[in-house]
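These notes concern the structure reproduced below.
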Amino acid sequence: MKGWRRSKRKIFKHQSRREEKYKFFDLVIEILFWIPEILIFPFRLLFWMLRGIGRIIGHILDSI
């Protein structure tokens, strides 16, 4: 039983060492992906709001 436990512990240590940590390059790539989203989102939000207001006005005018 001790041998089995040691072998499992050895495998677990090997896997934990092999796990890659979050690196600076990963952070840079994520920032590069987020920049367009951050720049475009306000315009998209404004478009959704104007479209919603237009639909509300259209529904009000249809009911008259």
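Remember, predicted model here, so these are calculated numbers, not experimental data. Values below: all heavy atoms of this structure, side chains included; hydrogens, waters and symmetry mates excluded.
Under the 4.5 Å side-chain heavy-atom criterion for Ile, Leu, Val, Met, Phe, Trp and Tyr, Ile53 and Phe47 are members of distinct hydrophobic clusters.
The hydrophobic cluster containing Phe33, built from Ile/Leu/Val/Met/Phe/Trp/Tyr side-chain heavy atoms closer than 4.5 Å, also comprises Phe25, Ile29.
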Under 3.5 Å, sequence neighbours excluded: what are the donor-acceptor pairs made by side chains of residues 34-45?
none

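At a threshold of 4.5 Å between non-hydrogen side-chain atoms, the residues Lys23 and Asp26 count as touching.
The salt bridge (charged side-chain N to carboxylate O under 4.0 Å, His left out) pairs that include a residue from residues 51-62 number zero, where partners must be two or more places apart or lie in different chains.
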